[in-house]
Amino acid sequence: MVTVIPGSDLLTSALNVVSQSLQIPVIVFLLLFALYAVITVGGLISEYSSRKKVPVRLIKDLIFSISRTKEISEIEGIIKNAQIPKNQKRVLVNIARSSELKKDSREALAEKLIENEEDIIEKKLQTTDIVTKIGPTLGLMGTLIPMGPGLAALGSGDVATLSNAIIVAFDTTVVGIGAGAVAYVVSKIRRRWYEQYLSNLDALSKAVLDRLNE
């Protein structure tokens with residue numbers, strides 16, 4: 001005799017199979033996120049120790065120096081000798097060398113160079129932003145997935161299976177939230193650094209453009 005499985009039971013079984021099949025990938029990703037959190041903290045410390053701190057006073061002095069140049073060729077020397085990050089120097093030197101272009105083309109070039117810097121920064125922040133949002137979500141998934149079989153085991157009196165399920169649920173929650181919290185802090189600190197970097201670059205590029213447009 002052939003047993004007919006009701007449609008609702010078939011769908012429930014399929015849903016359970018899909019849910020349980022996600023447990024191992026979720027745990028693997030959580031372990032990778034935990035490893036990434038440790039590595040990114042080390043990267044943050046390294047970046048802090050090698051980071052050039054540029055005070056507002058220095059930016060102000062550079063703007064005045066650029067505006068006071070008698071020859072456009074002097075701008076490049078001022079930029080190269082300035083105590084600013086190398087990437088900023090590269091962008092500003094490229095703008096300073098665009099004197100042969102017309103005003104609109106020169107400004108378009110400057111805008112494109114700054115946009116390229118923004119894209120580079122966005123890529124650096126992208127991974128930490130992903131971990132910030134996905135880490136806790138995976139932690140929640142890792143909590144709920146083993147609880148189904150655990151509660152089912154409790155119904156049949158299998159307390160050992162339930163206890164193992166609870167341990168996995170708590171561990172995945174802690175790892176997911178922990179990785180997300182670390183990534184959030186790192187992303188927040190780096191974003192503040194990069195916003196200051198872009199603000200300084202924007203101010204200096206405008207000073208160079210103003211001098212070239214005279």
Side-chain angles (χ1 to χ4, degrees), residues 32-135 179-214:
L32 291 175
F33 282 5
L35 179 61
Y36 173 79
V38 174
I39 293 173
T40 198
V41 169
L44 181 70
I45 295 171
S46 175
E47 187 175 352
Y48 175 78
S49 61
S50 61
R51 177 173 171 265
K52 272 189 187 302
K53 300 173 181 64
V54 182
V56 176
R57 176 183 54 80
L58 176 58
I59 299 299
K60 182 189 74 173
D61 292 342
L62 284 173
I63 292 174
F64 274 102
S65 297
I66 292 170
S67 65
R68 290 169 181 163
T69 54
K70 296 180 179 179
E71 300 291 336
I72 291 177
S73 57
E74 297 175 17
I75 298 175
E76 189 173 335
I78 291 172
I79 293 170
K80 288 182 177 179
N81 294 325
Q83 297 299 313
I84 57 177
K86 291 181 179 179
N87 287 342
Q88 281 186 344
K89 289 183 180 181
R90 175 178 50 78
V91 172
L92 294 171
V93 166
N94 284 329
I95 296 173
R97 290 175 178 173
S98 65
S99 57
E100 61 187 43
L101 298 176
K102 292 183 179 180
K103 180 181 176 182
D104 289 344
S105 298
R106 189 183 304 125
E107 291 179 352
L109 173 64
E111 184 179 348
K112 192 62 183 177
L113 291 172
I114 293 174
E115 283 181 1
N116 184 60
E117 290 298 302
E118 291 174 350
D119 289 341
I120 292 172
I121 287 172
E122 190 61 35
K123 287 178 181 178
K124 289 181 180 179
L125 294 172
Q126 197 172 44
T127 307
T128 49
D129 287 344
I130 289 174
V131 175
T132 298
K133 295 177 181 178
I134 303 300
V182 170
Y184 174 79
V185 172
V186 171
S187 184
K188 199 75 173 177
I189 294 172
R190 280 181 171 162
R191 196 176 297 278
R192 180 171 57 84
W193 290 349
Y194 298 155
E195 285 176 354
Q196 184 183 31
Y197 171 90
L198 291 173
S199 175
N200 292 342
L201 179 59
D202 184 59
L204 292 172
S205 64
K206 286 180 179 177
V208 174
L209 287 173
D210 285 343
R211 179 64 184 84
L212 294 176
N213 292 336
E214 290 179 359

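Bear in mind the structure is a predicted one, so any value in this text is a computation, not a measurement. In this chain, numbering begins with 1 at the start of the sequence shown.
I72 approaches S99 most closely through the heavy-atom pair CG2-CB, 4.2 Å. Heavy-atom minimum distance, V131 versus A179: CG1-O, 3.7 Å. Scanning all heavy atoms of the two residues, the minimum distance from P85 to V54 falls at CD-CG2, 3.9 Å. Here the closest non-hydrogen pair linking S205 and D202 is OG-O, 2.8 Å. Heavy atoms only, all atoms of each residue included: S49 and S46 are closest at OG-O, 2.7 Å.
Checked options I120, I121, I189; the residue passing with Y194 is I121 (criterion: side chain to side chain contact (heavy atoms under 4.5 Å, CB included)).
In this structure, CG in N87 is found 11.0 Å from CG in L92, a value given to the nearest 0.5 Å. Atom CG of L125 and atom CD1 of I130 lie 11.0 Å apart (nearest 0.5 Å). A distance of 10.0 Å separates CG in L209 from CD1 in I66, rounded to the nearest 0.5 Å. The distance from the OG atom of S105 to the NZ atom of K112 is 14.5 Å, given to the nearest 0.5 Å. Taken from CD1 in I75 to CG in L212, the straight-line distance is 4.5 Å, to the nearest 0.5 Å. In this structure, L113 CG and L201 CG are separated by 9.0 Å, a value rounded to the nearest 0.5 Å.
Among residue pairs with one or both ends in residues 122-135, those qualifying as salt bridge (Lys or Arg N to Asp or Glu O under 4.0 Å) are D129-R191; sequence neighbours excluded. Among pairs with a residue in residues 78-96, those fulfilling salt bridge (Lys or Arg N to Asp or Glu O under 4.0 Å) read E76-K80, R90-E117, at least two apart in sequence or across chains. Residue pairs that meet the salt bridge (Lys or Arg N to Asp or Glu O under 4.0 Å) test with at least one member in residues 39-65, sequence neighbours left out, are E47-R190, R57-D61.
Remark: side-chain polar atoms of S67 are paired, donor with acceptor, to backbone N or O of I63 under 3.5 angstrom. In terms of modelled atom types and a separation under 3.5 Å, the side chain of T132 and the main chain of T128 share a donor-acceptor contact. Without hydrogens or angle criteria, R106 side chain to I95 main chain gives no donor-acceptor distance under 3.5 Å. Side chain of R211 to main chain of T69: a donor-acceptor pair is present (N/O by atom type, distance under 3.5 Å, no hydrogens or angles).
Looking at heavy atoms from C-beta onward, L204 lies in side-chain contact with L62 at the 4.5 angstrom threshold. Looking at N94 and L109, their side chains never come closer than 4.5 Å, going by heavy atoms from C-beta outward.
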Exercise. For V208 and I79, what are the C-alpha separation, side-chain angles and deciding distance, and is it a side chain to side chain contact (heavy atoms under 4.5 Å, CB included)?
Worked result: CA-CA 10 Å; V208 174; I79 293 170; 4.2 Å; yes

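By the 6.0 Å contact criterion, CD on Q83 is open, its count of non-hydrogen atoms from other residues, nucleotides or ligands being 12 or less. Sparse packing is recorded around OH of Y184, with 12 or fewer heavy atoms of other residues, nucleotides or ligands lying under 6.0 Å away.
Look at K206 and D210 and you find no salt bridge, because none of the NZ, NE, NH1 or NH2 atoms lies under 4.0 Å from a carboxylate O.
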